[in-house]
Amino acid sequence: MNVLEKWIQQKGTLHFTLIDPDKQTPAASGELAGKAEILGSTAIMVGGSTAGAEITDECVNAIKDSCSIPVILFPNAAGGVSPAADFLFFMMLMNSKDPRFLTGEQMNAAPHLEKFGVEPIPMGYIVVSTSKEPTTVEKVGKVDRIAPDDVEKAVAYALTAKYFGMACVYLEAGSGAEKPIPVEMIKAVKEKIRIPLIVGGGIRDVESAKKVADAGADVIVTGTIAEKNPEMLAKIIKALR
Ligand code: 1GP
């Protein structure tokens, strides 16, 4: 049983708070993480499409000083490995057309993980285009576009991740996405993969968080809401319990 399966077994649907080190000072990131822990988030994810190594490390250190829940790195490149973190999503951007995001950055990061003692969680990362304009992750990740109604394509990528032996799949609409991942897609993917399913991007209210969870997501990730509307974050976490 992998660590996500263990947490899901213990707590049911999980909520992770995503903190982008580029969006505020390390001290403010620490404060956000402290609040998220009090509100009931299970873990803090640290990463963003543009965050560099130095600011990521400072951010993780500030978060570790302010809260006691696990910190999981969510890196955009090999430089995002901070020794202070507990886990790292060892991600393959399944629908990237750039070899850098398939195995390139990963082979640069792998030797450091062992040295730093950060535990990798193998993840199949799938970016779905739910917004009219491409999100940052779509552009940076050079994705093979998955339309929001192309359930078959999302399922095919998710199955590929499962057959590669990934510990989980993350269906990502992108930070600040206009709409979250559609429920039909979540249902179909969960039915096929049966490994932990993480869903994030564009979840900003209780109704959409509940829909995503009811459709089969095991982990709900919110980022923007923690920075902009902590009261809503509290309501979302409460609704997921
Ligand atoms: C992005 O899924 C996360 O990787 C969070 O997205 O900022 O839209 O909550 P939001």
Side-chain angles (χ1 to χ4, degrees), residues 4 13-24 28-29 32-33 35-36 39 41-51 56 59 63 71-77 80 87-96 101 105 121 123-141 143 146 148 154 158 168-183 185-186 189 196-213 215 217-237 239-240:
L4 289 179
T13 309
L14 308 177
H15 176 271
F16 290 176
T17 295
L18 172 67
I19 295 183
D20 184 341
D22 263 352
K23 290 202 176 150
Q24 59 283 305
S29 295
L32 267 182
K35 273 190 214 151
L39 294 178
S41 238
T42 303
I44 305 292
M45 284 166 56
V46 178
S49 299
T50 52
T56 299
C59 174
I63 291 172
V71 175
I72 310 173
L73 293 167
F74 181 53
N76 58 40
F87 300 94
L88 172 138
F89 279 130
F90 200 75
M91 307 153 59
M92 182 185 283
L93 175 42
M94 306 302 299
N95 59 320
S96 178
F101 298 112
E105 293 295 336
I121 304 173
M123 179 224 273
Y125 189 50
I126 300 169
V127 173
V128 179
S129 306
T130 67
S131 305
K132 279 189 210 90
E133 292 300 317
T135 55
T136 308
V137 66
E138 283 176 66
K139 287 188 268 190
V140 173
V143 299
I146 303 175
C168 56
V169 162
Y170 189 150
L171 285 178
E172 170 74 277
S175 188
E178 282 166 25
K179 290 182 198 152
I181 302 286
V183 290
M185 188 177 273
I186 298 170
V189 166
L197 177 61
I198 305 169
V199 177
I203 300 170
R204 287 182 283 270
D205 55 50
V206 172
E207 200 196 345
S208 42
K210 279 199 69 104
K211 270 191 193 161
V212 164
D218 300 292
V219 183
I220 311 285
V221 179
T222 63
T224 311
I225 208 76
E227 298 149 22
K228 300 205 168 143
N229 189 349
E231 287 85 32
M232 181 54 76
L233 177 66
K235 285 185 193 159
I236 289 175
I237 297 175
L240 294 176

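All ligand and atom numbering here is 1-based and tracks the order in the structure.
Contact detail for Thr13 and Ala217: the closest heavy-atom pair is CG2-O, 3.9 Å. Closest heavy-atom contact between Val128 and Pro148: CG1-CA, 4.1 Å. Heavy-atom minimum distance, Ile72 versus Ala43: CD1-CB, 3.9 Å. The two residues Ile126 and Ala154 have their closest heavy-atom pair at CD1-O, 4.2 Å. Annotation for Ala234 and Leu39: closest pair CB-CD2, 3.6 Å, computed over non-hydrogen atoms. The minimum heavy-atom distance between Glu138 and Val127, with the atom names listed, is CG-CG1, 3.7 Å.
By the criterion of a heavy-atom distance under 4.0 Å, the side chain of Tyr170, and not its backbone, is placed next to ligand 1.
Distance from atom 4 (O) of ligand 1 to its nearest protein heavy atom, with residue and atom name: Glu172 OE2, 2.4 Å. Taking atom 10 (P) of ligand 1 as the reference point, the nearest protein heavy-atom neighbour is Thr224 OG1, 3.4 Å. Shortest contact from atom 9 (O) of ligand 1 to any protein heavy atom: Gly223 N, 2.8 Å.
Considering backbone and side-chain N/O atoms, Thr222 never comes within less than 3.5 Å of an N/O atom of ligand 1. Taking only nitrogen or oxygen atoms, main chain and side chain alike, Ile203 does not reach within less than 3.5 Å of ligand 1. Taking any N or O of Phe74, backbone or side chain, none lies under 3.5 Å from an N or O belonging to ligand 1.
Under a 4.0 Å heavy-atom criterion, Ile225 is not in contact with ligand 1.
Of all the atoms in ligand 1, the ones that sit under 4.0 Å from a non-hydrogen atom of Gly202 are 8 (O), 10 (P).
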Legend entry - From CA spacing to verdict: ring pair (Phe, Tyr, Trp, His ring centres under 6.0 Å), Tyr170, Phe89: CA-CA 10 Å; Tyr170 189 150; Phe89 279 130; 7.0 Å; no
